[in-house]
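Read through the structure below, which is laid out as structure tokens, and then see the notes.
Keep in mind that what you see is a predicted model, and the values were worked out from it rather than measured. Starting from 1, each residue takes its place in the sequence as its number.
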Amino acid sequence: MKQKGSMTIAMSLMLLAFLPLIAVTIRASQTACARVQSVNGIDTALYSLFSEYDKELLETYNLFFLDAGYGTGKLDIGQMISQAEHYAKPVLSSGMTRCSIQACGAEGFRLASDRKGKAVEQQIIRYMKGNLGAAGIEKLKDKLEENRTILQQQEEIQAQGMEETVPENAAPMEGISAENNPLEIIKSLKNNGFLGLVLPADTQVSEKVQPLGEVLSHRTIETGQGDFAQMDVKSSVTDKLLIQEYVLEKLGTFTEPGKEGALDYQAEYVLGGKASDKENLSYVVNRLLLIRKTANLAFLYMDAQKRAELEACAAALSFLLLIPEGMELVQGVLAAGWAYVESLSDVRILLSGGKVPLIKDSTAWKTQLENLNQNTSITGGRGLDYEEYLRILFTFAPKEKSLMRTMDMIEQNICKTEGRENFRFDVCVDAVSLSFLIKGPNNMTWQADRFYTYDM
């Protein structure tokens, strides 16, 4: 039996009322879908853009940056925006909604060199925290604090001076003569220049020179746009320590040369900031001599046997120079000179890969006052090595200078790589804020702002 269906007038009227609502719902869904597609397209664009990070910076120095110079060494934000648009278009144009980019602009971007390398500093600190761990950082802090306390105590001992002596109670040291005059030997050593006296035998000092006008910390550099205050991280007392550990891990030293680069003694450059390896090594050696001279003087002042030797030698010299009343003055000059000669021996040991204790004792003392011309042993089996003494020097170096000079070396090292001659840190981006004007279905347009950084 066939049944016939029919639609009442009331039902027809209801459908007519619902059709506009259905149409509006479909259109709203289409718009919502287009907006979601736009967000996906923009996110894809930013992820793809920042996936072009500089691989050498990451693999060698554990730093995430996008080279916005694209090999030219000149900041090209237009190219960066074009790249973002290129990556967004396939996603936006797909599907039924088919959106398109009407315009795209950079609201802001942060360069590696902005605010004296703040972005680089944050990445270094994050990397070193993960690399060392909390226990390792605490161990380093404790050791440096211990060394700092020792240095302070030695300076206090030096400032107090040596106990006064009674000239007539000192027996002159045998063997002191016009030909074997410790004061003349000390004078001759100082006049000959200290660098040649501390270098291990057959050592050739690097002749490399890096013109300072070319490095990041000395030339006029590009600046970013926007303040990016939301990315600031509160400074910590360990920041400086982590930067110095990064330098010693990534850059070469005199005793542990790194990979081929602009200079051979790169950690020494971070400390000295000079144009040549020789100047930077001289800077570091001079400061090591100062540290060791203070420590050696403190030992001479405190050790009874060494004080007796100083008195005996001063007595012999005062009679030799016909100034017996000047024995106390001669003794003071002699002590400073002997400490200096011992310091030359200490630094020679360090540069040879040996160790020297911060606090000397009689078994660690190398030079003999009655024969200062004698070549001393360059072996050192206990104490701190050259790298550990560099850590002490870094504690006196300003963090900002150390960071910028570290960036100098990284930049110039990369420039030595074939095809990377134009690499510049001040065109490297780690954060960007882009604004997109999107055209969607039914000629609708809307603005989408997105922020992206490697520090997320």
Side-chain angles (χ1 to χ4, degrees), residues 38-88 91 101 103-130 216-217 220-236 239 242-243 246 399-400 403-404 406-408 410-411 414 423-438 447-456:
S38 298
V39 171
N40 289 338
I42 293 170
D43 286 343
T44 299
L46 288 172
Y47 295 152
S48 300
L49 175 67
F50 276 81
S51 71
E52 297 177 344
Y53 57 82
D54 191 294
K55 290 180 173 57
E56 188 171 358
L57 264 181
L58 178 62
E59 293 171 1
T60 307
Y61 300 104
N62 296 92
L63 298 175
F64 265 115
F65 283 97
L66 170 68
D67 182 0
Y70 294 92
T72 66
K74 296 181 179 179
L75 186 63
D76 193 347
I77 297 301
Q79 176 64 23
M80 186 176 71
I81 292 173
S82 296
Q83 289 288 97
E85 291 178 342
H86 170 75
Y87 289 127
V91 180
I101 298 175
C104 178
E107 297 293 316
F109 53 90
R110 185 170 77 162
L111 301 178
S113 55
D114 286 348
R115 297 172 60 191
K116 298 183 179 180
K118 193 67 177 178
V120 176
E121 177 184 345
Q122 290 176 351
Q123 290 200 35
I124 287 175
I125 290 169
R126 186 169 63 247
Y127 164 70
M128 292 307 299
K129 282 182 176 179
L216 181 74
S217 61
T220 301
I221 60 176
E222 300 279 0
T223 56
Q225 178 180 317
D227 58 9
F228 292 91
Q230 74 274 22
M231 295 180 62
D232 284 349
V233 178
K234 188 175 180 181
S235 296
S236 167
D239 289 356
L242 294 174
I243 291 172
Y246 180 85
K399 182 183 72 173
E400 292 76 15
L403 178 62
M404 290 300 292
T406 301
M407 293 171 66
D408 288 346
I410 293 175
E411 180 184 270
I414 292 179
F423 175 79
R424 297 292 182 270
F425 247 132
D426 57 324
V427 301
C428 289
V429 174
D430 87 314
V432 67
S433 177
L434 295 181
S435 180
F436 294 83
L437 183 63
I438 307 296
Q447 181 175 321
D449 298 326
R450 270 293 185 272
F451 170 78
Y452 189 89
T453 175
Y454 288 119
D455 193 25
M456 294 181 74

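Going from atom CG of L75 over to atom CD of Q225 covers 10.0 Å, rounded to the nearest 0.5 Å. To the nearest 0.5 Å, atoms CG (D43) and OH (Y87) are separated by 15.5 Å. Here D239 contributes atom CG and K129 contributes atom NZ; the two are 6.5 Å apart, rounded to the nearest 0.5 Å. Here S113 contributes atom OG and R424 contributes atom CZ; the two are 12.0 Å apart, rounded to the nearest 0.5 Å. One finds the CD atom of E411 at 9.0 Å from the OG atom of S217 (value rounded to the nearest 0.5 Å). Remark: D449 CG to I42 CD1 distance equals 8.5 Å, nearest 0.5 Å.
Side-chain atoms of D54 never come within 3.5 Å of backbone atoms of F65 as a donor-acceptor pair (strictly under, hydrogens ignored). Not one N or O on the side chain of D114 forms a donor-acceptor pair closer than 3.5 Å with the backbone of T223.
Residues M407 and V120 come closest through the heavy atom pair CE-CG2, 3.7 Å. Closest non-hydrogen pair, A88 versus A45, comes out as CB-CB, 3.7 Å. Taking every heavy atom of both residues into account, G224 and L111 meet most closely at N-CD1, 3.6 Å. Minimum interatomic distance between I81 and A106 (heavy atoms only, all atoms of both residues): CD1-N, 3.7 Å. The two atoms that bring A119 and D430 nearest to each other are CB-OD2, 3.7 Å, heavy atoms only.
The cationic group of K55 lies under 6.0 Å from the six-membered ring centre of Y53 and within 45° of the ring axis, placing it in a cation-pi geometry.
Inter-residue side-chain proximity for L63 and I124 is flagged as met; some heavy-atom pair is nearer than 4.5 Å. Looking at I438 and I101, their side chains come closer than 4.5 Å, going by heavy atoms from C-beta outward. Counting heavy atoms from C-beta outward, Y70 and Q83 have side chains that approach closer than 4.5 Å. Counting heavy atoms from C-beta outward, R450 and V39 have side chains that approach closer than 4.5 Å. Under the 4.5 Å side-chain criterion, counting only non-hydrogen atoms from C-beta, L58 is in contact with F64. A heavy-atom distance below 4.5 Å is not found between the side chains of T453 and F228.
Y454 pairs in a ring-ring contact (aromatic ring centres under 6.0 Å, His included) with only one of the listed residues (Y127, Y47, F50), which is F50.
The salt bridge (Lys or Arg N to Asp or Glu O under 4.0 Å) contacts involving residues 62-85 comprise nothing, where partners must be two or more places apart or lie in separate chains.
Ion pairing between K399 and E121 holds under the 4.0 Å rule for side-chain N and carboxylate O.
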Original post:
Given the rule in the side chain to side chain contact (heavy atoms under 4.5 Å, CB included) test, do L66 and V432 qualify, once you have shown the distances and angles that lead to the verdict?
Top reply: CA-CA 10 Å; L66 170 68; V432 67; over 6 Å; no
**OP:** Please report the C-alpha distance between I414 and Y61 in whole Å, then the side-chain angles of each, then the deciding distance to 0.1 Å, and finally whether the side chain to side chain contact (heavy atoms under 4.5 Å, CB included) criterion is met.
**Re:** CA-CA 10 Å; I414 292 179; Y61 300 104; 4.2 Å; yes
**OP:** Let me see the working for I221 and F425 under side chain to side chain contact (heavy atoms under 4.5 Å, CB included), right down to the final yes or no.
**Re:** CA-CA 9 Å; I221 60 176; F425 247 132; over 6 Å; no
Subject >> Test side chain to side chain contact (heavy atoms under 4.5 Å, CB included) applied to T60 and I410, step by step >> reply: CA-CA 9 Å; T60 307; I410 293 175; over 6 Å; no
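Among residues two or more places apart in sequence or in another chain, the side-chain contact (heavy atoms from CB on, under 4.5 Å) test is passed with R126 by Q123, D455. In this structure S433 satisfies the side-chain contact (heavy atoms from CB on, under 4.5 Å) test together with E107, F451, sequence neighbours excluded.
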